[in-house]
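Shown next, in structure tokens, is the structure this report addresses.
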Amino acid sequence: MTEYFQDRSEIFESERILKESYTPNDLPEREEQLKRLGLEVLSPVLNDAPPHNAFLYGKPGQGKTAAARFLLEELQEEVDERSGINLTTIFQTCKGHHSSYQVACDLVEQLTGDNPNGHPKRKVFARLYDALQEIGGIVVIVLDEVDNIGNKDMILYELPRARDNSHIEDMDVSVIGISNDMTFYEELDPRAKDSLCEVEIHFPPYDADQLRSILNRRSEKAFVDSAVTQEAIALAAALAAQDLGSARQAIRYLYKAGEFAALNDEPQVCEEHVRKAEDHVEQMNIAQSIRDLTIQDQLALLALTSLATGNETPAPTPEVYSRYTDITSHVDTNSIAMRRVRSHLHDLDMIGVVSGAKRSGGSRGGPKYYWELNTDLDTTVNVLTEENRFNDVLSLIDRP
DNA sequence: TCTCCACAGGAAATTGGGGGTT
DNA sequence: AACCCCCAATTTCCTGTGGAGA
């Protein structure tokens, strides 16, 4: 083997198991939710009746999608053993979609092969219903990350009511919505809530003990025997529990820790590796969320970063704005109004990259916001300067 | 105490672009 | 080519807030 590659088999038995795409086939920590989903929602199918509509919610990495996938597969197997029931399940992630229109287009594409984007809304839905009619029987549509499409949206009550509104005949459509966002449910249109949320199942964050047993189960398959210390697993579980209580996060820590151990040619993953992994993963998360920002968001962040390097934060909005206009005059972009920059700053606050504090009473009274970076300055600078045209802006302005 | 000013932020209108049809 | 639909970002317009200074 050349020096370019490394044999990681000392540490990893099967890395695949640690990847995001891996769906576990048992979820003992979600026994309660699985039971409810099975008994209260899906059971009618075995009697050739449509399942109830359901809404699964909880923070990311709580096994919502895994639970839905797992149980629908089980259900399909059950159904296959009996004759006379025609069940189809459709998984559709709403990630990156901001409206039911796009989701409907994607569904049509998934079912028929071509995307009706551009056609009037009514036509798109008509084609969706046609496609569903074509399938017939019982169709379960799982809309993952529905919170993406906004809560005033019609698809959420259109689909569950398709039959009532005579869009389809002699068949049934049920919808299982999955949401990461707790507030989404509360703000949902009452009509949508009514039809979609016949059964609501909450997925509370895992605690450290649960995360530890999840990690144990995963690492038994993924790592070579005794390549991971119990202390390392306990630490990864504890760190993730403190933060988001997300299994995805905990697994990411452990995977990265394993990679660090492998890189250093160490035979065992220990606490030290987990700590390094946590730090690394967090930096990567921040970096990625900055990369995903729009140009104007990045420019607003750049303005604040520039103020931060000169120790001028927290800074009130007008100061950030004036730094912003300084920057845009050096960079090949158009500058936008303060009103807009203000809302960009709020957006950045929502993501957690900056934080704004409202204080009343500046020199002139009235409410006033003071902004500061909420992330590591070096990481922020590094990521922002990845963008070529931002490259020397910071030094041009006031880099010490 | 009253008025004014600088900022906050909601709402509506505008812009521009990507997809399409006829 | 002229036109339609949908969407996101932005601008424009406007009202609300509350201490400073008259």
Side-chain angles (χ1 to χ4, degrees), chain A residues 92-131 143 145-159 181 183-184 187 189 289-304 307 312-329 331-351 353-372 387 389-390:
Chain A
Q92 173 64 48
T93 170
C94 306
K95 198 173 195 166
H97 295 322
H98 302 285
S99 70
S100 62
Y101 183 84
Q102 293 168 338
V103 173
C105 285
D106 267 22
L107 280 170
V108 172
E109 184 173 19
Q110 200 184 133
L111 296 174
T112 69
D114 55 28
N115 195 315
N117 202 332
H119 291 267
K121 209 175 215 166
R122 242 181 267 110
K123 259 191 191 171
V124 173
F125 273 84
R127 289 191 56 185
L128 177 57
Y129 293 130
D130 285 349
L143 294 176
E145 310 197 37
V146 271
D147 42 316
N148 275 276
I149 67 176
N151 46 33
K152 39 152 194 9
D153 225 305
M154 23 107 62
I155 198 170
L156 296 178
Y157 59 85
E158 277 282 324
L159 274 180
D181 184 354
T183 60
F184 175 75
E187 290 167 12
D189 182 303
S289 61
I290 294 175
R291 276 186 213 105
D292 289 343
L293 296 170
T294 63
I295 291 290
Q296 290 296 347
D297 275 321
Q298 289 182 345
L299 285 165
L301 181 59
L302 191 59
L304 192 60
L307 288 167
E312 295 170 59
T313 50
T317 316
E319 268 180 48
V320 180
Y321 184 66
S322 97
R323 183 61 56 96
Y324 164 86
T325 49
D326 288 350
I327 288 172
T328 51
S329 64
V331 183
D332 182 27
T333 43
N334 48 334
S335 64
I336 54 177
M338 176 148 82
R339 175 73 191 83
R340 195 66 196 121
V341 172
R342 199 152 48 214
S343 34
H344 279 299
L345 286 169
H346 278 289
D347 292 346
L348 294 172
D349 191 337
M350 292 291 266
I351 304 167
V353 189
V354 312
S355 66
K358 197 177 196 169
R359 291 186 209 162
S360 60
S363 57
R364 269 296 178 207
K368 203 170 178 176
Y369 265 94
Y370 285 79
W371 303 95
E372 61 188 321
E387 176 79 30
R389 52 177 158 171
F390 295 169

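Note on naming: letters A, B, ... go to the chains in the order of the sequence lines (proteins, then strands), and numbering restarts at 1 for each one.
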Angle class for the A/F125/A/Y129 ring planes (parallel below 30°, perpendicular above 60°, tilted otherwise)?
tilted
State the CG-CH2 distance between A/L304 and A/W371, to the nearest 0.5 angstrom.
9.0 Å
Picking from C/dT11, B/dC7, B/dG9, which would you name as closest to the side chain of A/I336?
C/dT11
Can you check the A/M338 CE to C/dC13 C1' distance for me, whole Å?
15 Å
Base, sugar-phosphate alone, or nothing: which one does A/P316 contact when heavy atoms must sit under 4.0 Å apart?
nothing
Please give, in whole Å, the distance from C/dG19 C1' to A/R359 CZ?
15 Å
Ignoring hydrogens and geometry beyond distance, is a side-chain donor-acceptor pair present between A/Y370 and A/E319 at under 3.5 Å?
no
Using whole Å, what does the distance between atom C1' of nucleotide C/dA9 and atom CG of A/L299 come to?
14 Å
In whole angstroms, the gap separating P of C/dA8 from CD1 of A/I295 amounts to 18 Å
Distance test, side-chain N/O of A/Y321 to OP1/OP2 of B/dC7, below 4.0 Å
no
Check whether any side-chain N or O of A/H344 sits under 4.0 Å from OP1 or OP2 of C/dT10, and answer yes or no.
yes
Let me know the distance between CG of A/N334 and P of B/dT14, rounded to the nearest Å.
20 Å
If you apply the rule side chain to side chain contact (heavy atoms under 4.5 Å, CB included), what do you find for A/T328 with A/I336, and how did you get there?
CA-CA 9 Å; A/T328 51; A/I336 54 177; over 6 Å; no
Spacing between A/R342 atom CZ and C/dT11 atom C1', to the nearest angstrom:
13 Å
Would you say A/Y324's side chain and A/Q296's backbone share a donor-acceptor pair under 3.5 angstrom?
no
Reckon A/S343 has a side-chain N or O less than 4.0 Å from the OP1 or OP2 of B/dG9?
no
Checking contacts here: which listed nucleotide (B/dC7, C/dT10, C/dA9) is nearest the side-chain heavy atoms of A/Q296?
C/dT10
Protein-nucleotide distance (A/D349, atom CG; B/dA8, atom P), rounded to Å:
13 Å
Does any N or O donor sit under 3.5 Å from an N or O acceptor when you compare the side chain of A/R339 with the base of B/dG10?
yes
In whole angstroms, the gap separating C1' of C/dA8 from CG of A/L293 amounts to 16 Å
